[in-house]
Amino acid sequence: MRQSQLFPKTKKDTPKDAQAINHKLLVRGGFIDQLMAGSWTILPLGWRVISKINQVIREEMNATGAQELLMPLMHPKEIWNETGRWDSAAEVMYKLKDTREKEFALSFTHEEIVLDLVRKHLESYSDLPIKVYHFSTKFRNEPRATSGILRGREFLMKDLYSVHETQEDFWKYYEQVSDAYLKVFNRLGFKIIMTEAAGGVFTKNLTREYQVIAPVGEDTVYVCNKCQTGFNKEVFKGTIGDKCPKCGRGTVNENRAIEVGNIFPFDTYYSEKMKVYFTDKAGVKKPVWFGSYGIGITRILGSIVEIFHDDKGIIWPKEVAPFQVHLLQIGNDKKIVSAALKLYQKLNDKGVEVLYDDRTDKTPGEKFMDADLIGIPLRIVVSERSLAKDCVEIKQRNKVKSELVKTSKILSKIV
Ligand code: ATP
Ligand code: MG
C-alpha cells in the first residue's frame, strides 16, 4: 500500500475530549474515527488490525470444532419475551418500532437467537453437540462510554454458543474453549489473568473472565503473588495483602484490568425457557445444556494499544500489525525513488505486507514521526546515506538501534 493513497492521513493533534491512550493514538494514527459517544468507524488501517485479530480467534475457535455463521442484528420482541429478557435486560437494550408499530431490539447478545435457530434444526441426540460462532455488532446502552474504543455503544464481538446432550459433555467443551481463549490471548501478546465473576443479566452461575492488567481498566482484580490466580472484586471480598484463598501461600495484590473475554455456563436455564428439547438414546425428551463465550474484538484493538505503546506511538505485536514492514523513502531523488520502488515490489512479490511511504511532500522528520505513531514492527529506510553504502537501514519499532543491511541481503533478513 502506498501511503500517499492511504485514507485518512495521520493527525498532529489529539482529539480534545480524549482521555484514554487508545483513543488518542488510534485516532491520531488514522485507525478509528468517532461518529458520536461510543460509536466508531474502523478505518482501513484499523480494519487490517481487526481482520488479523479475527483470524487468530477464527483459527482457535475452528480448532475446537466450532463453525462460523452470521446471525441477524435486529430481533423480534417475541423472542426476547420467551426468556423474560425483553424486560429484565431493558437497561442495556436498544429497542425500536417500525411504522406498523411492530417492536424490535438491536442485538446486545444472541443467546435467544441461537436457541431459536437450534430448536428449528435439532431432533435427536445424534445432532449434538452444536458449536457455532460469529463476528458481529452488538448494541448496548452503556451509561459511560468514555474510554476510547474500550467501551462502545456499538461494538464488535466474537460470540460462540454451544449446545450439548449432557452436563459432562458441556463442561468438557467449556474447558476446551477456555484453553482456546488462553491460546488466542497468548498469540495476541496479552498476559491474561483468569477470574471467576458474577454473571449479571446473563446467569446466576459464576462466569469466567479473561482480564488484562492495564491502568485504564474499569475492573478491579486481585492477583496472588505466588500462584497468579485472579479474583474478581465482586467475588473476592477481601483487600490487598490478604492470603490467597486458592493456594494459601501467597498474598493478593490489587490491579486495574480490562475484561477482554467472558464465558458463561447456563446449564439448562435458557433451553428450558425456550423449549429446546431433544430425544435421547432411550427416547426421552430432554432440554439441552447450553453455554456462551464472548470476546470483545474492538476492545482488544484498544487494549493492545493501552499495553503496547511508548510516548511516540503504538508498537503493534507482529501477529496483528496492520503491515509487517513500513518502507520509508527519504528524499525524492530519482535514484532513491527507484531503489525504494524496487524494494517495495520485491517485498510485495514475496507476500510481505508493506506500507510504502512514497510521499514527496513530507520532511524526513514527519515521515519518522508517522512511522513511530502508526507502529508497524519493522521500519526500512531508503536514503541517500544508506544507498551510498549500497544498504538500507532497518529498525524494529520496539528497539532503539537501527542497522545497515546490504540491499541484496534484505529479503533473506526479513522473509
Ligand atoms: P463489561 O463488564 O465490561 O460491561 P460484559 O460483562 O458486559 O463487559 P460480555 O457481555 O461478557 O461483557 O461481553 C463479552 C465481551 O465483549 C467482554 O468480555 C468485552 O470484551 C466485550 N464488551 C462488552 N461490552 C463492551 C462494550 N460496551 N464495548 C466494547 N466491548 C465490550
Ligand atoms: Mg456490560
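Indexing begins at 1, ligand by ligand and atom by atom, following the structure's order. Just so it is clear, the model here is predicted, and its values are computed rather than measured.
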Exercise. Parallel, tilted or perpendicular: which describes the rings of Tyr94 and Phe139, with under 30° parallel and over 60° perpendicular?
Worked result: perpendicular

Considering heavy atoms of the protein only, find what lies nearest to [atom] and give residue, atom and distance to 0.1 Å.
{"atom": "atom 15 (C) of ligand 1", "value": "Gly296 N, 3.8 Å"}
{"atom": "atom 1 (P) of ligand 1", "value": "Arg151 NH2, 3.5 Å"}
{"atom": "atom 2 (O) of ligand 1", "value": "Glu259 OE1, 3.6 Å"}
{"atom": "atom 28 (N) of ligand 1", "value": "Gly152 N, 2.8 Å"}
{"atom": "atom 31 (C) of ligand 1", "value": "Phe155 CE1, 3.3 Å"}
{"atom": "atom 13 (O) of ligand 1", "value": "Met157 CE, 3.3 Å"}

For this session: Report yes if the distance between the aromatic ring centroids of Tyr173 and Trp289 is under 6.0 Å, otherwise no.
Result: no

Would you say [X] and ligand 1 have an N/O pair spaced under 3.5 Å apart?
{"X": "Glu142", "result": "yes"}
{"X": "Val260", "result": "yes"}
{"X": "Phe264", "result": "no"}
{"X": "Arg140", "result": "yes"}

Does NZ or CZ of [X] fall inside the cone over [Y]'s six-membered ring, less than 6.0 Å from its centre and within 45° of the axis?
{"X": "Arg140", "Y": "Phe155", "result": "no"}
{"X": "Lys95", "Y": "Trp86", "result": "yes"}
{"X": "Lys102", "Y": "Phe104", "result": "yes"}

For this session: With heavy atoms of Leu150 as the reference, note each atom of ligand 1 found under 4.0 Å away.
Result: 28 (N), 29 (C), 30 (N)

Seminar exercise, completed: Numbered in order shown, the ligand 1 atoms found under 4.0 Å of a heavy atom of Asn262 are 6 (O), 11 (O), 18 (O)

Exercise. Do other residues, nucleotides or ligands put more than 12 heavy atoms under 6.0 Å from the CD atom of Gln67?
Worked result: no

Exercise. Looking at Lys273, Lys275, Arg119, which one forms a salt bridge (charged side-chain N to carboxylate O under 4.0 Å, His left out) with Glu82?
Worked result: Arg119

Exercise. Do you know which two heavy atoms are closest between Phe236 and Pro245, and how far apart they sit?
Worked result: CE1-CG, 3.5 Å

Seminar exercise, completed: Between Met157 and Gly294 the two heavy atoms that sit nearest each other are SD-CA, 4.3 Å

Exercise. Does even one non-hydrogen atom of Asp219 get within less than 4.0 Å of ligand 1?
Worked result: no

